[in-house]
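Written below as structure tokens is the structure these notes are about.
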Amino acid sequence: MSLGRTWSVVLTGLLGDIVEVEADLSTQTPGFTIIGLPDKSIGEAEQRVHNACGNSDLSLPRRRVVVNLSPAGLPKHGTGLDVAVAIAALATELPLDAGSLARTVHLGELGLDGRLRPLPGILPAVAAAARAGFARVVVPAACRAEAELVDGVEVFGAVNLRDVARLHGLEVAEVDQEPVPVPMPSRDDAPSAGGAAPDLAEVIGQRDAVHALVVAAAGGHHLLMSGPPGAGKTMLARRLPGILPDLDDTAALQAASLRSLAGLPVTVLSRTPPFEAPHHSASVAALVGGGSRTVRPGAIARASGGVLFLDEAGEYGAHALDALRQPLESGEIEIHRAGFRARFPARFQLVLATNPCPCGQYGVPGGVCTCPSLAIRRYLGRLSGPLLDRVDIELSLRRVSLAHVVAAGDVVTTAAARSRVGEARARAAHRLRATPWRTNAEVSGAWLRSGPDTPAADVRRPLDAALSRGSLSLRGYDRVLRLAWTISDLDDRAHLRADDIGRALFLKKGSTAT
């Protein structure tokens, strides 16, 4: 036949668009042309396809081949269309099964030797193909385990272009030595996708801090910890994912898709909430995400469904910290580039940790602070008022003393805390069953202040007084109410009490943990 047709996927952020790849032969001057708004990397596919086909003993027609990528108005980018372009071009002259081509999505980059090379974003691309109704995909052999995480799709892991042609019914001669699959790029520095979180029982002498961590986990609240070096801020933050509930199927697939899109290895569907801890030298683009041609998710998006931990928050740039404000409110982040825009989920729990001053000794019993007052104000000024207003719990930690170590007997294990958190979240979900929200941190302020569960005037009197004095903004007022409901859920109560409001105010306005 003179027309070959198959399918592939182009990703814009996490969203995948199905692309129809058509190849047609004509009697004009021999050549190879790709149309349909391709970028430079797709334009270079001409040479990769020519060499890959020639080295696979699958010669392209010696006529003019025009490859159209439809819809033509959709910008195409990346090298993931190589295999679809090659197999459609071959189908214009070789006896490939047209029905097999029409029901298969092809993903992968071609090497000059004809082997299929892995590329980032295989998991969201396969998920997009499944949503579009396709039941079979061809991926590089190294990406097969990742692609098989999507249910209901038959995955064919091809080593080279000859394997793809054989799948579609072409009689291909055997070779003396089978090629070795191209492995996934080594990423020794890549964070683990799962694994057991460290146990909360290892935290000694910070009883109030552990309680605040349980409250944060139960309601999905953001947390700021301030204290001297060695007080246990990082230790506490790294134990938060272990007491959070497991991710459901949708959230686990989303987290794995974000890792895949970021170029990180994905072999299993981890149910452990992700934990992202970027270095304090990270730029705004590293947190938010970006890229000129293909947009990669930043730490904010990769932490969606889990925890974003910013250690040494006072060392971050002010612009990087302020970039968190919009995602904290909306739960998503949108990146605009010339010709397209990408939207990523950004519903995470923010945990900030900071020292009280650059040297870390300001206000520490027995410590000697050498920082000028201007340096202290500048250091703490990195955390702007609008950002702190979006933080639910502000916790001041002290160093653990010998008395705390000796008296450490009543410890809270991760298993016990996780059980309490799960029960509290179940109560909140039951109470909010008639609303679109499932955790207290998601509930809108208007519903809290005028909904069916609005506390009585005498219960919220301390909160009203704080708002009247100006020590709380209206956003802070709502956050205290959310905290109070979480405390009530942990104590298995159906209605708020005045002491719930008081404890929530204590956590919001900067409690001192011992």
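Everything numeric here is computed off the predicted structure, so don't read it as measured data.
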Side chain to side chain, C143 and M184, heavy atoms closer than 4.5 Å: yes

Backbone of L3 reached by a side-chain donor or acceptor of D24 within 3.5 Å: no

Backbone of P386 reached by a side-chain donor or acceptor of R390 within 3.5 Å: yes

Enclosure of H336 NE2 (heavy-atom neighbours >12, cutoff 6.0 Å): yes

Nearest-0.5 Å distance that lies between atom CG in L352 and atom CG in L321: 7.0 Å

Audit row: L110, L116, side chain to side chain contact (heavy atoms under 4.5 Å, CB included) steps and yes/no: CA-CA 5 Å; L110 281 177; L116 273 64; 3.9 Å; yes

Backbone N/O of L107 and side chain of S8: donor-acceptor pair under 3.5 Å: no

Backbone N/O of H430 and side chain of R433: donor-acceptor pair under 3.5 Å: yes

Main-chain N/O of L11 paired to H77 side chain as donor or acceptor, under 3.5 Å: yes

Test item: I300 and F348 side chains (from C-beta on) under 4.5 Å apart, heavy atoms: yes

Min side-chain heavy-atom separation W7-E20 under 4.5 Å: yes

SB check D246 R418 (cutoff 4.0 Å): yes

Audit row: R475, D478, salt bridge (charged side-chain N to carboxylate O under 4.0 Å, His left out) steps and yes/no: CA-CA 5 Å; R475 180 188 287 121; D478 294 339; over 6 Å; no

Side-chain donor or acceptor of R296 paired with backbone N/O of G289 under 3.5 Å: no

Between OG on residue S100 and CG on residue L167, distance to nearest 0.5 Å: 5.0 Å

Gap between atom CG of L324 and atom CD of E329 - 0.5 Å precision: 12.0 Å

Salt bridge (charged side-chain N to carboxylate O under 4.0 Å, His left out) assessment of R325 paired with D389: CA-CA 10 Å; R325 287 157 54 180; D389 207 30; over 6 Å; no

L258 backbone acceptor or donor facing R302 side chain under 3.5 Å: no

Heavy-atom side-chain contact between V67 and L69 under 4.5 Å: yes

Heavy-atom closest pair, residues E276 and A299: CG-O, 3.9 Å

Trace of the side chain to side chain contact (heavy atoms under 4.5 Å, CB included) decision for F344 with V295: CA-CA 10 Å; F344 292 108; V295 178; 3.6 Å; yes

Gap separating the CG atom of L350 from the CG atom of L387, nearest 0.5 angstrom: 6.5 Å

Aromatic plane relationship, W447 with W437 - under 30° parallel, 30 to 60° tilted, over 60° perpendicular: perpendicular

Polar side-chain atom of R239 near backbone of T414 as donor-acceptor pair, under 3.5 Å: no

Student check: side-chain heavy atoms of L310 and H280 closer than 4.5 Å: no

Derivation of the side chain to side chain contact (heavy atoms under 4.5 Å, CB included) call for R63 and T29: CA-CA 7 Å; R63 296 161 66 185; T29 304; over 6 Å; no

Sole candidate of R479, R431, H221 that passes side chain to side chain donor-acceptor pair (under 3.5 Å) when paired with N440: R431

Test item: T79 and R117 side chains (from C-beta on) under 4.5 Å apart, heavy atoms: no

Distance-only polar pair, side chains of S70 and N68, donor-acceptor under 3.5 Å: no

Test log, rule side chain to side chain contact (heavy atoms under 4.5 Å, CB included), inputs E442 and R347: CA-CA 10 Å; E442 299 171 342; R347 194 162 296 282; 3.9 Å; yes

Side chain proximity check, Y316 to R382, heavy atoms < 4.5 angstrom: no

Side-chain (R438) to main-chain (A428) donor-acceptor, under 3.5 angstrom: no

Straight-line distance of L123 CG to L261 CG, nearest 0.5 Å: 10.0 Å

Trace of the side-chain hydrogen bond (donor to acceptor under 3.5 Å, both in side chains) decision for T104 with R136: CA-CA 5 Å; T104 305; R136 184 168 69 174; 2.9 Å; yes

Exercise: do T439 and R425 side chains pair donor with acceptor under 3.5 Å: no

Beyond-backbone contact of L60 with V65, side-chain heavy atoms, under 4.5 angstrom: no

A252 versus S270, closest heavy-atom pair with distance: CB-O, 3.6 Å

Spacing of N355 atom CG and D311 atom CG [to the nearest 0.5 Å]: 8.0 Å

Backbone of A158 reached by a side-chain donor or acceptor of D163 within 3.5 Å: no

